Amino acid sequence: MNYCVFALLISVSSAAEIWNLQQLDDAKKAKDKNIILRDIQVPAGKALELQGLPNGTSITFAGRITFGYKEWKGPLVIIKGHNFHVEGKPGHVIDGEGHRWWDGLGGNGGKIKPCMIYVQLTHSKVKNIKVKNSPAHCWAINACRHVIFEGIVVDDTDGHAKGGHNTDGFDIARSHHVKIKNSWVNNQDDCLALNSGTFITFENNTCEGGHGIAVAVGGYSENVAKHVNIRNCKVIKNNIGIRVKTLLNGKGIVKDINFDNVELKDISQTGIVIIGNYLNSGPRGEPTGDLPIQDLTINNVRGNVLRNGTNIQVWVKNGSNWKWNSQVVGGTKKLPCQGVPKGVNIQCG
Ligand SMILES: *[C@@H]1O[C@H](CO)[C@@H](O)[C@H](O)[C@H]1NC(C)=O
Ligand SMILES: *[C@@H]1O[C@H](CO)[C@@H](O)[C@H](O)[C@H]1NC(C)=O
Ligand SMILES: *[C@@H]1O[C@H](CO)[C@@H](O)[C@H](O)[C@H]1NC(C)=O
Ligand SMILES: *[C@@H]1O[C@H](CO)[C@@H](O)[C@H](O)[C@H]1NC(C)=O
């Protein structure tokens, strides 16, 4: 190989190794486009700020990333930019060591708990990242466009015994063209909570231990969720399987939501929930119809609910154009379905 090609290969593959926040600042000043974050111990009350980096930056996590303890809102990590490639090396972990904050109360009181990772990216890819024991919500995906999350692991398994609560896997708001695939979540709240956005795909993911896959709209600055595809997923040992919940007295719209080929296993409370009167963790009062659920397809959603649970619960107003094909069995607690659009046949019990 001639020398020029060799030099080019060296310069392409050279990356700044970063071991602390000072070196990260230096890399930002130097406009490094290829950084490796290795074994960083982020000081208490500070965020690992992956912003102010050039378009096209490649970020690699390596080793164990940890954070000092402080009661604050976080986030512990901020990733903001354009055309980023964010990836984890095999064996790396971003460890929130959430047990230091967990007190069983989550966001409802007790210690102030930092959320884990705030993401605001455009035209980017986030791949093979492992996050462990987030103190509170894990991935806050906000104002993203054209971003793929692939091979993400959220392992808050320890939270079941140690008081983890409100440890959502993925929260999505104000985002468009976002795909999350081939990922695994074990936590103590929603696996996915989609609050607003369009063209959102959640595909080939496994959710364990938490509160299921949710389209949850209403009461935010944006209250529109459209063109959502949730397919080829598994929901195992959650209290809820899948749900669409819109806020009681909310305004907005939920439209073109498709659940296809979702397998439920050992759901403790309710297999499928579609409600228009969500408030304080349950249905409350009469839905009003100003936040209607339109063009909803439930196809091949199947599996079992534990004996004391409910297979399907529907309580909406003003829904339209639903298609429904589910086989959810095992629950013996019957709840009536209310407001099901005409012509839709649901085995509610
Ligand atoms: C970075 O990307 C953004 C979004 O496309 C663009 O507006 C901006 O001009 C780019 N910056 C540079 C320095 O190219
Ligand atoms: C689904 O995701 C798993 C990882 O959780 C992966 O091993 C598998 O290849 C994926 N399947 C497809 C069809 O992409
Ligand atoms: C039902 O939804 C439509 C479409 O968003 C809206 O125009 C209408 O006002 C709603 N009706 C009721 C009774 O809420
Ligand atoms: C189911 O409900 C019955 C009656 O309330 C109760 O005795 C039983 O312990 C429950 N079983 C489970 C597995 O929760």
Side-chain angles (χ1 to χ4, degrees), residues 28-33 50-59 79-85 87-88 90 119-131 143-155 157 169-170 175-177 179-187 191-192 201-208 213 217-218 222-226 229-236 244 246-257 260-263 265 274-277 285-296 315-322 338-342:
K28 285 179 190 172
K29 281 183 197 125
K31 299 201 185 310
D32 281 341
K33 290 182 88 165
L50 305 170
Q51 57 180 334
L53 290 156
N55 291 352
T57 294
S58 165
I59 298 168
I79 308 176
K80 255 189 199 187
H82 178 70
N83 200 14
F84 276 17
H85 184 98
E87 190 160 353
V119 183
Q120 190 177 323
L121 289 169
T122 49
H123 295 270
S124 297
K125 191 157 189 175
V126 180
K127 206 176 155 183
N128 298 343
I129 303 285
K130 176 169 181 181
V131 187
C144 285
R145 276 182 294 115
H146 298 280
V147 183
I148 295 180
F149 294 83
E150 184 178 351
I152 308 294
V153 170
V154 175
D155 184 357
T157 312
F170 298 96
S175 294
H176 308 280
H177 300 277
K179 183 184 269 197
I180 298 172
K181 66 177 193 180
N182 305 0
S183 296
W184 184 86
V185 173
N186 187 312
N187 67 341
C191 180
L192 166 72
T201 302
F202 193 73
E203 180 177 77
N204 185 37
N205 303 311
T206 300
C207 302
E208 291 187 36
I213 298 172
V217 177
E222 272 185 46
N223 301 296
V224 173
K226 286 186 187 174
N229 286 299
I230 291 156
R231 58 183 173 232
N232 310 340
C233 290
K234 289 195 174 104
V235 185
I236 302 166
V244 179
T246 66
L247 186 74
L248 178 67
N249 299 323
K251 287 187 176 23
I253 190 159
V254 171
K255 190 180 171 78
D256 189 22
I257 310 293
D260 188 19
N261 186 26
V262 178
E263 196 181 324
K265 191 168 190 308
I274 313 291
I275 55 173
N277 53 351
E286 283 293 326
T288 56
D290 291 328
L291 212 171
I293 299 168
Q294 303 177 340
D295 307 341
L296 169 70
W315 192 352
V316 297
K317 192 167 176 186
N318 205 14
S320 60
N321 191 25
W322 291 11
Q338 302 181 53
V340 175
K342 278 201 180 62

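Counting convention: from 1, in listed order, for ligands and their atoms alike. Values in this document were obtained by computation on a predicted structure and should not be read as measured data.
- Side chains of D155 and N186: no donor on one and acceptor on the other come within 3.5 Å.
- With sequence neighbours excluded, the residues forming a side chain to side chain donor-acceptor pair (under 3.5 Å) with N261 are N232, R302, listed by chain and number.
- Between C191 and V185 the shortest heavy-atom distance is SG-CB, 3.7 Å.
- The distance from atom CG of L291 to atom CG of N277, rounded to the nearest 0.5 Å, is 11.5 Å.
- Near N55, meaning under 4.0 Å from any of its heavy atoms, are these atoms of ligand 1: 1 (C), 2 (O), 3 (C), 8 (C), 10 (C), 11 (N), 12 (C), 14 (O).
- Annotation: side chain of T122 is not in contact with side chain of H146 (no heavy-atom distance under 4.5 Å).
- Partners of H85 by ring pair (Phe, Tyr, Trp, His ring centres under 6.0 Å), not counting sequence neighbours: none found.
- Every N/O-N/O distance between S183 and ligand 2 stays at or above 3.5 Å.
- Residues of the protein with a heavy atom under 4.0 Å from ligand 3 are T288, G289, D290, P292, Q294, N318, listed by chain and number.
- Scored by the ring pair (Phe, Tyr, Trp, His ring centres under 6.0 Å) test, H176 finds no partners at all (sequence neighbours excluded).
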